[in-house]
Trainee: 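Could you have a look at this structure, given as C-alpha cells, before my questions?
If you read the sequence from its start, that first residue is 1, and numbering goes on from there.
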Amino acid sequence: MRNNKLKYVAFLPVLLLTACNFKYNYTLPDGVSFYTGSGGGDWDGGEGIDDAGTYDVKVWVDTKITSLTEAQINNFAASSGGKYNINVTVQPMSEGEAATKMLQDVSSGADIFIFAQDQLSRLKTANALAAFDSSLTQHLKANNSVDSVKAASIGDKMYAFPTTSDNGYFLYYDASVVSDNDVKDMTTLLSTLKAKKKKLNFDRKNGFYAASYFLATGCESHWTIDEKSGSFLAYDDNYNSDNGVIAGMAYRELADNSVVATKSTWTNSAGAIITGVWEYEYIKTQFGDNLRCAELPSFTYGGQTYHMSSFDGYKLMGVKPQADKKKASVCRKIAEYLTNSENQLNRFKQVSWGPTNIKASENQAVKEHPALAALAAQHEYAHQQEQCPGAWFNSLGSLAGSIATNSTEAQIRELLANYTSGLSILLDD
C-alpha cells in the first residue's frame with residue numbers, strides 16, 4: 001500500500017508513539033566547515049586548516065570496544081608527533097541508544113558516535129551530522145564496499161564513515177544438540193530442541209527480527225525521503241496482503257514459549273540462537289567447541305517453503321557538527337583513523353566485527369570466520385536495510401508480538417490492517 005503525508009489515519013500503538021517523541025533542539029552552528037580538501041587524492045582530514053592543539057573529545061561506542069577505542073585514539077594523538085593533545089572520554093553506548101540520545105539532545109551528545117544505518121536520515125534532520133565534501137567522499141568510496149558507502153549516504157551525499165558490514169543476523173547452534181540437517185527447517189529445529197529440552201533464543205517481538213518471515217514471503221516496506229531535509233514523506237508497504245497473512249500464520253509456531261525464548265527471557269539452556277556477529281564471543285563461551293553457524297532456516301506454510309530472510313545492514317560512525325572548525329577537523333581525522341583498514345581489522349580481532357574496508361575484508365581470518373561466513377551465506381536471502389523511521393521496527397514488533405495470541409487467518413488480517421493504519425503517523429509533518 002502506498003501512502004503519503006496528506007493521508008493521515010489516527011491509529012497508533014502506545015509503544016510506537018513513545019518511540020517517535022523526539023525533540024530536535026540543536027541548531028547547526030553558523031559557518032561550520034568540517035573539512036577543506038585538496039579536491040583529489042587521499043584525504044588527510046583537513047588540508048589548509050592549522051588544527052594543532054588540545055581538544056576534549058567525547059566518544060560513544062559499544063561497551064565491548066571502549067578500551068580498544070580509547071587506545072586507538074591515544075595512538076592517533078601519539079602518532080601526530082605532538083601536534084594533537086586529545087583529552088578523550090570514551091563512554092559505553094549501544095548503537096541504538098547512541099542514536100536516540102543524539103536525537104533527543106545533540107548539543108550534549110558525543111562528538112563521535114557509532115549508530116545503525118537506518119538512523120542516518122533522522123540524525124541528519126536533527127543536525128547531528130553534516131554532509132562530506134567530494135574529496136572525502138571519493139576517499140571513502142575508494143576504500144570501502146559499495147553497499148557500505150550507500151548505507152552512509154542520502155542521495156549522492158555521504159554523512160558518516162562506514163564502520164562495520166555485519167548488522168545482520170543468522171543462526172548459531174550447538175552441534176551436540178541439533179544436527180546440520182535439523183537447522184535447515186524451522187519446524188524440525190523446534191521439534192528437535194523441544195525433545196532435547198533445549199530452546200531457541202529468538203527475539204520474536206523485535207521488528208528487526210520479526211521481518212524475517214514477512215520478507216521471506218515477499219512483503220516490503222519502502223520509505224521515501226526528502227534528500228534535503230531527511231524527512232520521511234511517503235511509504236510503499238504491502239505487509240497487509242496475502243503474503244503478509246502467510247508470514248503471520250507461519251510465524252505462530254514461534255509463539256511456543258516452551259521452546260522459544262524472547263530477548264527478555266533468553267536462557268543459558270539454548271541449543272540454537274538467532275542473532276548477529278555482536279553476540280559471537282558470548283555464544284562461543286556458551287557452546288564451546290560445539291559452536292556452529294549457519295544461514296537462517298526455511299519454513300513451510302500451505303505446502304510452500306520459504307527461506308527466512310533478514311536485513312543486510314551496516315554500522316556507521318558519525319561526527320557531530322562543531323562551531324570550532326579546528327575541532328571539527330580533528331574529530332573528522334579521528335573518525336577516519338578509527339575506521340581505517342588497520343583499526344577495523346583490530347576490532348575484528350577483538351570482537352569479530354566485520355569490516356567495510358576493502359583491504360581489511362580481504363584478510364584471510366575475516367574470510368574464514370564462522371559467523372561472518374554464515375552471514376555471507378545468508379546474504380543471498382537478505383534485504384539491504386533502507387532508511388526508515390526508527391519507530392517502524394516498533395510497529396512491526398508490536399504486530400509480531402500480537403500474533404502469539406491470535407490464531408485464525410481473520411485475526412491475522414485484522415492485525416495487519418491495524419499495523420498498516422498506524423504507518424501514517426511515522427511521516428514527518
Side-chain angles (χ1 to χ4, degrees), residues 28 32 34-35 37 42-43 45 59-62 65 69 94-96 98-99 102-103 106 109-168 222-223 225-232 276-277 311-321 328 331-341 343-344 347-348 353-361 379 382-390:
L28 190 70
V32 166
F34 270 121
Y35 166 69
D42 290 339
W43 175 71
V59 181
W60 288 346
V61 295
D62 189 281
I65 61 166
T69 301
S94 70
E95 291 81 22
M102 291 300 294
L103 289 167
V106 180
D111 299 301
I112 301 170
F113 58 100
I114 297 178
F115 63 96
Q117 71 175 82
D118 61 290
Q119 297 300 309
L120 180 69
S121 62
R122 300 174 75 211
L123 289 163
K124 173 190 177 296
T125 302
N127 289 326
L129 301 169
F132 297 163
D133 77 353
S134 60
S135 183
L136 173 53
T137 297
Q138 291 306 311
H139 169 77
L140 294 176
K141 284 183 175 180
N143 288 281
N144 292 277
S145 68
V146 173
D147 284 344
S148 70
V149 170
K150 181 180 177 182
S153 305
I154 297 176
D156 60 355
K157 297 285 188 181
M158 286 191 73
Y159 290 85
F161 293 84
T163 305
T164 81
S165 63
D166 53 24
N167 206 26
H222 303 289
W223 295 77
I225 304 173
D226 183 315
E227 293 183 3
K228 214 172 235 190
S229 67
S231 299
F232 291 100
V277 171
F311 285 114
D312 227 358
Y314 299 84
K315 295 175 185 176
L316 309 173
M317 184 170 290
V319 179
K320 182 175 72 175
C331 286
R332 283 285 176 92
K333 288 180 179 179
I334 293 173
E336 194 277 336
Y337 179 80
L338 291 174
T339 56
N340 67 17
S341 174
N343 285 316
Q344 286 198 18
R347 278 191 292 275
F348 161 76
W353 287 5
T356 63
N357 181 275
I358 295 170
K359 181 180 178 181
S361 298
H379 180 76
H383 291 237
Q384 178 71 28
Q385 189 173 335
E386 301 175 1
Q387 295 299 305
C388 67

Trainee: Quick one, I358 and N143 - any side-chain contact, counting heavy atoms below 4.5 Å?
Mentor: no
Trainee: For a quick test of reading the model, state the closest non-hydrogen atom pair linking M102 to W60 and the distance between them.
Mentor: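 Taking M102 first and W60 second, the nearest heavy atoms are SD-CZ3, 3.6 Å.
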Trainee: Report yes if the side chains of L338 and T69 come closer than 4.5 Å at any heavy-atom pair, otherwise no.
Mentor: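 Yes; the side chains approach each other to less than 4.5 Å.
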Trainee: Where is the tightest heavy-atom contact between P162 and L140, given as atom of each residue plus distance?
Mentor: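 That closest heavy-atom pairing would be CD-CD1, 4.5 Å.
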Trainee: Does the pair F161 and R332 meet the rule for a side chain to side chain contact (heavy atoms under 4.5 Å, CB included), with working shown?
Mentor: CA-CA 9 Å; F161 293 84; R332 283 285 176 92; 3.9 Å; yes
Trainee: Any chance you could lay out the side chain to side chain contact (heavy atoms under 4.5 Å, CB included) test for D312 and Q385, step after step, and finish with the verdict?
Mentor: CA-CA 6 Å; D312 227 358; Q385 189 173 335; over 6 Å; no
Trainee: Step through the shown structure and confirm whether more than 12 heavy atoms of other residues, nucleotides or ligands are within 6.0 Å of NE2 on H222.
Mentor: yes
Trainee: Say you draw a straight line from CD1 of I112 to OG1 of T339; how long is it, rounded to the nearest 0.5 Å?
Mentor: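 Here the interatomic distance stands at 10.0 Å.
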Trainee: Could you report the tightest heavy-atom contact between V319 and C331, atom names first, then the distance?
Mentor: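 The pair with the smallest heavy-atom distance is CG1-CB, 3.6 Å.
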Trainee: Step by step, work out the side-chain hydrogen bond (donor to acceptor under 3.5 Å, both in side chains) result for Q119 and R122.
Mentor: CA-CA 5 Å; Q119 297 300 309; R122 300 174 75 211; 2.7 Å; yes
Trainee: Identify the two heavy atoms, one from A160 and one from L316, that lie closest to each other, and give their separation to 0.1 Å.
Mentor: CB-CB, 3.8 Å
Trainee: Testing L120, L129, T137 one by one against M158 for a side-chain contact (heavy atoms from CB on, under 4.5 Å), which residue passes?
Mentor: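 With M158 as partner, L120, L129, T137 yield a single side-chain contact (heavy atoms from CB on, under 4.5 Å), made by T137.
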Trainee: To the closest 0.5 Å, what do you measure between CG (N343) and OH (Y337)?
Mentor: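 Output value for this atom pair is 5.0 Å.
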Trainee: To the nearest 0.5 angstrom, please state how far the CH2 atom of W353 sits from the OG1 atom of T163.
Mentor: 8.5 Å
Trainee: For a quick test of reading the model, state the closest non-hydrogen atom pair linking Y314 to A151 and the distance between them.
Mentor: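 Taking every non-hydrogen atom into account, CD1-CB, 3.7 Å.
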Trainee: Check the pair S121 / I154 against side chain to side chain contact (heavy atoms under 4.5 Å, CB included), numbers first and verdict last.
Mentor: CA-CA 7 Å; S121 62; I154 297 176; 4.0 Å; yes
Trainee: By salt bridge (Lys or Arg N to Asp or Glu O under 4.0 Å), which residues pair with E95, not counting sequence neighbours?
Mentor: K315
Trainee: Do you see a donor-acceptor pair shorter than 3.5 Å between the side chains of N144 and T356?
Mentor: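 T356 and N144 do have a side-chain donor-acceptor pair below 3.5 Å.
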Trainee: Please find the pair of heavy atoms, one from L123 and one from F113, that lie closest to each other, and give the distance.
Mentor: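 Where L123 meets F113 most closely, the heavy atoms are CD1-CE1, 3.9 Å.
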Trainee: Can D147 and S145 be counted as having a side-chain donor-acceptor contact under 3.5 angstrom?
Mentor: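 Short answer, no.
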Trainee: Less than 4.5 Å apart, side chain to side chain, heavy atoms only: is that true for Y159 and S153?
Mentor: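 When only atoms from C-beta onward are counted, S153 and Y159 do not touch, as no gap falls below 4.5 Å.
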Trainee: Just verifying a value: how many Å separate S165 OG and F348 CZ, rounded to the nearest 0.5 Å?
Mentor: 10.5 Å
Trainee: Could you tell me whether a side-chain N or O of K157 sits under 3.5 Å from a main-chain N or O of F132, the two making a donor and an acceptor?
Mentor: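 No: the side chain of K157 does not pair with the backbone of F132.
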Trainee: Are side-chain heavy atoms of I114 and I65 found at a separation under 4.5 Å?
Mentor: yes
Trainee: Tell me, with the steps shown, if Q117 and Q384 meet side chain to side chain contact (heavy atoms under 4.5 Å, CB included).
Mentor: CA-CA 10 Å; Q117 71 175 82; Q384 178 71 28; 3.6 Å; yes
Trainee: Would you say the side chain of N167 lies within less than 4.5 Å of the side chain of F311, judging by non-hydrogen atoms?
Mentor: no
Trainee: In the structure I gave you, are the side-chain heavy atoms of S361 and P355 within less than 4.5 Å of one another anywhere?
Mentor: yes
